[in-house]
Student: 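Below is one structure. I have some questions about it.
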Amino acid sequence: MILAANFKTNHTRKSTAAYLEALELFLDASPAGCDIRVYPPLSALLRADLYSHTKIGAQNFYPAIEGAYTGEVGAAQLNEFDIKNVLIGHSERRALLKETQEFIAQKFAFAATQGWEIIYCIGEPKDVRDSGFEAVAEYLWGEFDGIDISYDKLAVAYEPIWAIGTGVSAEVQDIAKVLDMLKDKLKDTPLLYGGSVNADNLSSIISLKSCDGALIGGAALDVANFCKLIQIAQK
Ligand code: 13P
C-alpha cells in the first residue's frame, strides 16, 4: 500500500520540515506498514536520507543531469537531496504547463535511467468521462504512449481530472472499473487513486481489489489529517 501526499504549490521549507518531523514522530510510534511518500515543492526539498519512515519525492524535474534549462531542476540537483522518487504526468502539469505526451515520455525514460521510483499520473477530463467507459479507457491508454509499463519501480495513479480538488471524488464503483481495467494490463504495477480523497472515502477506495493506495492533495496538507488517513489505511 502506498499513501502519497502531493503538496503541489503549498508549504514552505520551514513548514515542510515541521510537517515531516511530526509525520516521522507519528510513524515512530505507530509504524504505517505501508509506503509513505511526501512530495513538497522543489524549493522545500529536504534531504530524503534524513527521514526513516517517509520517502521524499520531487513533483517535477527536467530530464537532464544538468545544463542550460533556465528555471528547471535536473538530476544533479535532486541527487543533492538524495531524491529517488518522482511524480510524472500529473494533469496539472499536462494542462497548465503544457507538458505533451512526448515530453512526459522523455521524462519517464530519463527517470528510469536514474533508477528512480515513479508515480505516473493519468486521468480523463469531464467531457471524456461523460462519453462513457470506452472513451475513458481509450483516453487513459493514450496517456501510456511512449511509457515503459514494464519498469519495475513504477506505480500508476489514476486521477480523474474532474475529481481533483473539487471535493467530489469519483464513485467507488467507477474507480473499481477503471482500476480493474488497468490492473488487467499492468499486472503487478501498484495502482493508486487520486482526486478528492479524504477521511470519509479513503477506506472504501483502498478496499477495492485493484487499489494499492492513494495520491492525496488537499486532505494531506495538514499533517494531522495525513496521519489520520494513514491510521485509516492501517485498519
Ligand atoms: P486533491 O486530493 O486535492 O483532489 O488532489 C489530488 C491530486 O491531484 C494529487 O496529485
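First listed ligand is number 1; within each ligand, the first listed atom is number 1.
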Student: As an exercise, identify every atom of ligand 1 less than 4.0 angstrom from a heavy atom of Leu215.
Tutor: 9 (C), 10 (O)

Student: Below 30° counts as parallel, above 60° as perpendicular, anything between as tilted: where do the rings of His11 and Tyr19 land?
Tutor: perpendicular

Student: What do you reckon, does Gly217 have a nitrogen or oxygen under 3.5 Å from a nitrogen or oxygen of ligand 1?
Tutor: yes

Student: Return yes if some donor-acceptor pair links the side-chain N/O of Glu143 with the main-chain N/O of Gly123 below 3.5 Å, else return no.
Tutor: yes

Student: Taking atom 10 (O) of ligand 1 as the point of reference, which of Lys8, Gln59, His90 owns the nearest heavy atom?
Tutor: His90

Student: Got an N/O contact under 3.5 Å between Glu92 and ligand 1?
Tutor: no

Student: Decide if the gap between the ring center of Tyr39 and the ring center of Phe7 is smaller than 6.0 angstrom.
Tutor: no

Student: Students often mix this up, so state it plainly: with edges at 30° and 60°, are the rings of Phe144 and Tyr120 parallel, tilted or perpendicular?
Tutor: tilted

Student: Which option, Gly123, Gly218, Ser91, owns the non-hydrogen atom nearest atom 3 (O) of ligand 1?
Tutor: Gly218

Student: Output the list of atoms in ligand 1 that are nearer than 4.0 Å to some heavy atom of Glu159, sorted by atom number.
Tutor: 6 (C), 7 (C), 8 (O), 9 (C), 10 (O)

Student: Does any N/O atom on Gly194 come nearer than 3.5 Å to any N/O atom on ligand 1?
Tutor: no

Student: Say whether Gly165, considering both its backbone and side-chain N or O atoms, lies within less than 3.5 Å of an N or O atom on ligand 1.
Tutor: yes

Student: Establish, from distance only, whether the side-chain atoms of Ser30 and Gln231 form a donor-acceptor pair under 3.5 Å.
Tutor: no

Student: Does an N or O from Thr166, backbone or side chain, lie closer than 3.5 Å to an N or O of ligand 1?
Tutor: no

Student: Is it the case that over 12 heavy atoms from other parts of the model lie below 6.0 angstrom from the CD atom of Glu138?
Tutor: no

